[in-house]
Amino acid sequence: MHRVKSTLQSVIFPDVCEEGVSQDQEYMLIEDHGGEGKRKIRFHDYHEIYSIPGLYEHLFYERLKCQSPQTISKMMQEELQGGPMDASDLVVLDVGAGNGMVGEELSNIGVKSIVGIDIIDEAAEAANRDRPEIYEDYYVADLTQLPEDTRRELNDKQFNCMVSVSALGFGDIPPLAFAEAYNMVSTPGLVAFNIKDEFMSTEDSSGFSRLIDRIIDAEVFEPAAQHRYMHRLSMDGSPLYYVAMVGTKNADIPTEWVE
Ligand SMILES: C[S@@+](CC[C@H](N)C(=O)[O-])C[C@H]1O[C@@H](n2cnc3c(N)ncnc32)[C@H](O)[C@@H]1O
């Protein structure tokens with residue numbers, strides 16, 4: 001077993017290398033300093049992870065070397081360079097915003113107006129607790145079942161940019177929620193997201209491969225940059241590859257494409 005002391009608790013990775021564990025089943029054991037025993041938390045149990053200050057950062061960034069928020073904000077910065085808009089002109093909807101890691105990176109490149117949305121309360125609470133200056137507003141809502149007043153408020157923000165990092169697929173954000181958020185962005189608008197490389201293949205069952213092909217073919221989305229990179233390490237130390245895309249929204253995604 002690998003064992004690391006964080007400032008908070010012991011975070012233990014079980015020895016499962018030989019069995020292999022799929023990305024959405026990876027887990028750790030958390031040991032309280034009080035020695036009350038070990039608690040198993042899956043990496044996808046975000047509500048539990050966000051509730052423990054520093055655990056998300058320790059797990060995904062210090063231990064597993066996640067590079068996604070930096071990779072995508074750098075790609076956005078490159079895309080903005082030489083274009084008509086500055087980072088400070090962007091009004092961003094951060095979809096699956098979690099505890100604000102992406103918002104923080106966007107803020108570092110000069111974005112001033114960022115609204116977060118996530119499906120769980122613990123994400124909003126953690127963003128407020130750990131990065132209180134980043135989001136202008138933060139909504140807890142399911143994008144597949146948006147209450148009318150939330151939809152109206154979001155539309156009133158007049159987003160010209162949408163970002164979604166490490167939140168598509170895996171039982172997280174489905175194509176319908178992606179389309180809902182995408183359609184809240186003005187045309188033309190800047191859109192940036194990443195997705196596990198497997199979800200871009202024709203065998204993918206999440207629906208994203210088909211949707212991404214379709215929006216590109218129909219020029220609803222025009223990629224300006226595409227980059228395959230190591231998103232993070234898996235629990236057994238092997239790299240997990242994602243594809244990041246930054247480009248222009250030219251039109252809304254027709255609802256029937258995601259129904
Ligand atoms: C891996 S975390 C990524 C968080 C953040 N974007 C980052 O890069 O650190 C995925 C996030 O997507 C959120 N999520 C999952 N399903 C969602 C949905 N249907 N609508 C909005 N957020 C969702 C989860 O609650 C979680 O906070």
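In each ligand, atom 1 is the first atom listed, and ligand 1 is the first ligand listed.
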Answer with yes or no after comparing the ring centroid distance for Tyr241 and Tyr229 against a 6.0 Å cut-off, counting only values under it. no
For ligand 1, the portion of Ile173 having any non-hydrogen atom under 4.0 Å away: both
Examine the proximity of ligand 1 to Ala97 and report which part, side chain or backbone, both or neither, has a heavy atom under 4.0 Å away. backbone
Among [options], which one puts a heavy atom closest to [atom]?
atom	options	result
atom 27 (O) of ligand 1	Ile72, Asp118, Asn99	Asp118
atom 2 (S) of ligand 1	Phe43, Tyr46, Phe60	Tyr46
atom 15 (C) of ligand 1	Asp172, Asn194, Leu176, Val102	Asp172
atom 22 (N) of ligand 1	Ile119, Thr144, Ile49, Leu146	Ile119

So which heavy atom on Pro69 is nearest to which on Cys66, and how close?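 Reported closest heavy-atom pair: CD-SG, 4.1 Å.
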Can you tell me if Tyr56 contacts ligand 1 (heavy atom of the residue under 4.0 Å from the ligand)? yes
Sub-4.0 Å atoms of ligand 1 with respect to non-hydrogen atoms of [X]:
X	value
Ser166	1 (C), 2 (S), 3 (C), 10 (C)
Met101	9 (O)
Ile120	25 (O)

Would you call [X] and [Y] a salt bridge, taking side-chain N to carboxylate O under 4.0 Å as the test?
X	Y	value
Glu180	Arg151	yes
Glu219	Lys249	no
Asp89	Lys112	no
Lys74	Glu78	yes
Glu48	Arg42	no

Checking ring-ring contact (aromatic ring centres under 6.0 Å, His included) against Phe193, which of Phe221, Tyr242, Phe199, Phe208 comes through? Phe221
If I apply the N/O under 3.5 Å rule, does Val165 come out as touching ligand 1?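 Yes - when backbone and side-chain N and O of Val165 are compared with those of ligand 1, one distance drops under 3.5 Å.
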Does Tyr50, backbone or side chain, put an N or O under 3.5 Å from an N or O of ligand 1?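 There is such a contact, yes.
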Between Leu146 and Leu154, does a side chain to side chain contact (heavy atoms under 4.5 Å, CB included) hold up when you go through it step by step? CA-CA 10 Å; Leu146 270 187; Leu154 287 169; 4.2 Å; yes
Name the closest protein heavy atom to atom 5 (C) of ligand 1, giving the residue it belongs to and the distance to 0.1 Å.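 Nearest neighbour among protein heavy atoms for atom 5 (C) of ligand 1, to 0.1 Å: Gly96 O, 3.4 Å.
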